[in-house]
Amino acid sequence: MKKQTKIKQVHNNILDWFNQYARDFPWRHTKDPYKIMIAEFMLHRTRAEQVVPVYNEFTKKYPDVFALVCANSDDIRKVTEHLGLHWRSEHFIKSAKYIVEKHNGELPEDYKDLRKIPGIGEYIAGAILTVCFNKPTPVVDSNIARFINRFYGLNLKGEIRRKKEIVQKAKEIFNHDNPGQLLFAMVDFTALVCKPQKPNCDSCPLKFLCSLNKEQKIVEES
DNA sequence: AACGCGGGGGT
DNA sequence: ACCCCAGCGTT
């Protein structure tokens, strides 16, 4: 068997796992950056299953940024209100106006330009770059941060998401020829296996590489 | 670095 | 009764 780097094994094991256990969501069938942006606004601190019907209604009603920019703000609010975080409905309106005015309705492919769009932060910018434009970019949500902290035994505490060590590891992980698929795989893996509480270490495809597994150190040393 | 936002589902 | 969720903007 060919020797692989650790990061290659992480990629292979995660993607093999993903082939079998991937969740299916409507925004995973498009690379339209507008729709990815809409999905990510809705997924902000909100469960994916809860977003599905809202996303479907929203994208049917406002299929592109030009439809959205013409929309009535009360109508937008009605579609999105039962997602909670009510102030988010302003993001839909402000981002659409900004994209039409500054970018002629096209989402930019540049990180700094994406970050200037109202409501788009580090995570959403990274998600758009990886999923829509296939540009390797470190994408760190709270789940991926937790995974990195565990897997590499960093033992960081507090607000770890933006810490240098976490971002550096994320950079290595997302340096991949299909970073968008890797993001979806990481999201599902950290939601279903490497969960916040009671992770399913027994069925984990990375258990023999993980710092939580004490046997791993023996394997490495032998 | 830390906090508020928020309804809804899981445990 | 908690805890957590594909984060962002502000302090």
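A, B, ... follow the sequence lines: proteins, then strands. Residue 1 opens every chain.
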Legend entry - Euclidean distance, atom CD1 of residue A/Ile120 to atom C1' of C/dC8 [Å, nearest integer]: 11 Å
Inset, instruction - Round to a whole Å and report the spacing from NE2 of A/His91 to C1' of C/dT10. - result: 12 Å
Legend entry - Donor on one side chain, acceptor on other, A/Arg146 and A/Asn149, under 3.5 Å: no
Legend entry - Atom-pair distance (CG on A/Asp141; P on C/dA6), nearest Å: 7 Å
Inset, instruction - Taking only the side-chain nitrogens and oxygens of A/Gln197, find out if one of them lies under 4.0 Å from OP1 or OP2 of C/dC4. - result: yes
Legend entry - Distance-only donor-acceptor test (3.5 Å): side chain A/Arg28, base C/dA6: yes
Legend entry - Sub-6.0 Å ring centroid separation between A/Phe189 and A/Phe18: no
Legend entry - Nucleotide nearest A/Glu40 when distance is taken to its side chain, options C/dG9, C/dC8, C/dA6: C/dA6
For nucleotides 4-8 of chain B, tabulate all protein N/O to nucleotide N/O atom pairs closer than 3.5 Å, reporting atom names and distance.
unit_1: B/dC5; atom_1: O3'; unit_2: A/Trp87; atom_2: NE1; d: 3.0
unit_1: B/dG6; atom_1: OP1; unit_2: A/Trp87; atom_2: NE1; d: 2.7
unit_1: B/dG6; atom_1: O4'; unit_2: A/Leu85; atom_2: N; d: 3.3
unit_1: B/dG6; atom_1: O6; unit_2: A/Arg45; atom_2: NE; d: 3.3
unit_1: B/dG6; atom_1: N1; unit_2: A/Arg45; atom_2: O; d: 2.8
unit_1: B/dG6; atom_1: N2; unit_2: A/Arg45; atom_2: O; d: 3.4
unit_1: B/dG6; atom_1: N2; unit_2: A/Thr46; atom_2: OG1; d: 3.3
unit_1: B/dG6; atom_1: N2; unit_2: A/Leu83; atom_2: O; d: 3.2
unit_1: B/dG8; atom_1: N2; unit_2: A/Arg47; atom_2: NE; d: 3.4

Inset, instruction - Verify whether one side chain among A/His29 and A/Asp24 offers a donor that lies under 3.5 Å from an acceptor in the other. - result: yes
Inset, instruction - Nearest-nucleotide wise, let me know which of A/Lys198 and A/Lys157 is further upstream toward the 5' end of DNA chain B. - result: A/Lys157
Inset, instruction - Calculate the interatomic distance between A/Leu156 atom CG and B/dA1 atom P; express it in whole Å. - result: 10 Å
Legend entry - Rounded distance in Å - CZ (A/Arg146) to C1' (C/dG7): 15 Å
Inset, instruction - Quick one: sort the A/Trp87 and A/His44 rings into parallel, tilted or perpendicular, breaks at 30° and 60°. - result: perpendicular
Inset, instruction - Specify the residue among A/Arg115 and A/Phe184 whose closest nucleotide of DNA chain C lies further upstream toward the 5′ end. - result: A/Phe184
Legend entry - Sugar-phosphate, base or nothing in reach of A/Thr190, heavy atoms under 4.0 Å: nothing
Inset, instruction - Quote, to the nearest angstrom, the P distance that separates C/dA6 from B/dT11. - result: 13 Å
Legend entry - Cationic N near anionic O, under 4.0 Å, A/Asp188 to A/Arg28: yes
Legend entry - Whole-Å distance separating the CE atom of A/Met42 from the P atom of C/dC8: 16 Å
Legend entry - NZ or CZ of A/Lys116 within 45° of A/Tyr98 ring axis and under 6.0 Å: no
Inset, instruction - Starting at atom CG of A/Leu114, determine the distance to atom P of C/dG7, rounded to an integer number of angstrom. - result: 18 Å
Inset, instruction - May I have the step-by-step check of ring pair (Phe, Tyr, Trp, His ring centres under 6.0 Å) for A/Phe184 and A/Phe25, ending in yes or no? - result: CA-CA 10 Å; A/Phe184 292 151; A/Phe25 296 115; 8.8 Å; no
Inset, instruction - Determine the interatomic distance between C1' on B/dG6 and the same-named atom on C/dC2; round to the nearest Å. - result: 16 Å
Inset, instruction - Whole angstrom is fine here: how far is it from OH in A/Tyr123 over to P in C/dC8? - result: 9 Å
